[in-house]
Amino acid sequence: MTRCIATWLMAENGIKKAKDLLDEGKDSAKALLAIIQDVESDERFVSVGRGGLPNREGKVQLDGAFMDGDDLKFGAVMAIEDIASPIEVAYSLKDRDANNILVAKGAKSYALKKGFKEVDNLTKKAKERYLKKCQEDPLKAYDGHDTIGAIVIDEDGHMVAGTSTSGLFYKDDGRVGDSPLIGSGLYVDSEVGGATATGMGEDIAKGCVSFKIVDLMRNGKSVKEATKIAVLDFIARLKRSDIEARDISVVALAKDGTFAAYSNIPNFTFCIDDEKGAKVYRLELDQNGDQVYIEVDDAFKSDWLSKE
Ligand code: SD4
């Protein structure tokens, strides 16, 4: 059995590529990179990779992380500029004994020394989007940002997880969200399963939500229960401090291939490969707050893709 899951319907094409690679016998890391790089390089997706959402200063600063569930090694880059694929740089860092989280200038100079190409991530469209945003009043940082987060299991039971994002639109220079933080934006352990989050990083990071989901599974909860409990308990905890949780959405994959999603927003979508191929589902909650997955149709997809 092999399986891939990823946040948002933008992952559909990448999931197809990953499934083909897994069917050819390639390992989970190759498949995960295929999912995330497909999104990073597709300029229709304005919140990941090239053409990502600029910060307040008009710079595209990207975050990404890779985690290996067999040995728990990881690599991460934060606020990296002028590099097209943060996930690939993060992946290249994971086997280092030290110095495997790099930020900003240090991350870029490492990447250039490693042979990654310097590119201008502020595409014409990203610049136009930024200039329009500058004229809005009041300026609001939180808008139209979706992170690609993915988890893959290969035929050997080797699990990996990864994330890539430009983070919040119009964020402060140097701001980092949950996505490249191990335990918050992603976590995976091949002995148990993996989870990844998308939404408001400043909230998600307070609860180490991805680690929490894996921990609940480790302690006997099903993947469906774990995602629901982790998100709802965390929202309740924030409420006890008078904090209204902003967007939190998660997907998770157990080592047996079962999967789940949970969210506190409407129309959270995710992609999964099953026996019949890549599928895109929209999450709904029933009257008990339990997850129902509805396959999305082409009209929903084109509507979503046409939104900026
Ligand atoms: C962040 N969690 O930088 C990311 C943004 C995101 O859906 O995932 N948005 O906070």
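What you see is a predicted model; the values in this text were computed from it and never measured. In each ligand, atom 1 is the first atom listed, and ligand 1 is the first ligand listed.
- For Asp63 (side chain) and Ala79 (main-chain N/O), a donor-acceptor pair under 3.5 Å exists by modelled atom type.
- Close contacts of ligand 1 with Ser179, meaning ligand atoms under 4.0 Å from a residue heavy atom, involve 2 (N), 4 (C).
- Under 4.0 Å from ligand 1, not a single heavy atom of Arg246 appears.
- Lys206 forms no cation-pi arrangement with Phe234, by the criterion of a distance under 6.0 Å to the ring centre and an angle within 45° of the ring axis.
- Applying the side chain to side chain donor-acceptor pair (under 3.5 Å) criterion to Gln37, with sequence neighbours excluded, gives Ser85, Glu88.
- No N or O atom of Glu202 sits closer than 3.5 Å to an N or O atom of ligand 1.
- Listed by atom number, the atoms of ligand 1 under 4.0 Å from Thr198 heavy atoms are 6 (C), 7 (O), 8 (O), 9 (N).
- Counting heavy atoms only, Arg175 comes closest to atom 1 (C) of ligand 1 of the residues Lys171, Arg175, Met200.
- The shortest N or O to N or O distance between Gly201 and ligand 1 is below 3.5 Å.
- Listed by number with element, the atoms of ligand 1 under 4.0 Å from a non-hydrogen atom of Gly177 are 3 (O), 10 (O).
- Among Phe268, Phe45, Phe270, the single residue meeting the ring pair (Phe, Tyr, Trp, His ring centres under 6.0 Å) criterion with Trp8 is Phe268.
- Looking at Ser263, its side chain does come within 3.5 Å of a backbone N or O of Ile265 through a donor-acceptor pair.
- Shown here are the side chain to side chain contact (heavy atoms under 4.5 Å, CB included) partners of Ala107, two or more places apart in sequence or in another chain: Val77, Ile80, Leu102.
- Between Ile148, Asp146, Thr147, it is Thr147 that holds the heavy atom closest to atom 8 (O) of ligand 1.
- For ligand 1, the atoms sitting less than 4.0 Å from at least one non-hydrogen atom of Asp178 are 1 (C), 2 (N), 4 (C), 10 (O), numbered in the order shown with element in parentheses.
- In this structure, the side chains of Tyr281 and Thr269 stay at 4.5 Å or more apart for every pair of heavy atoms.
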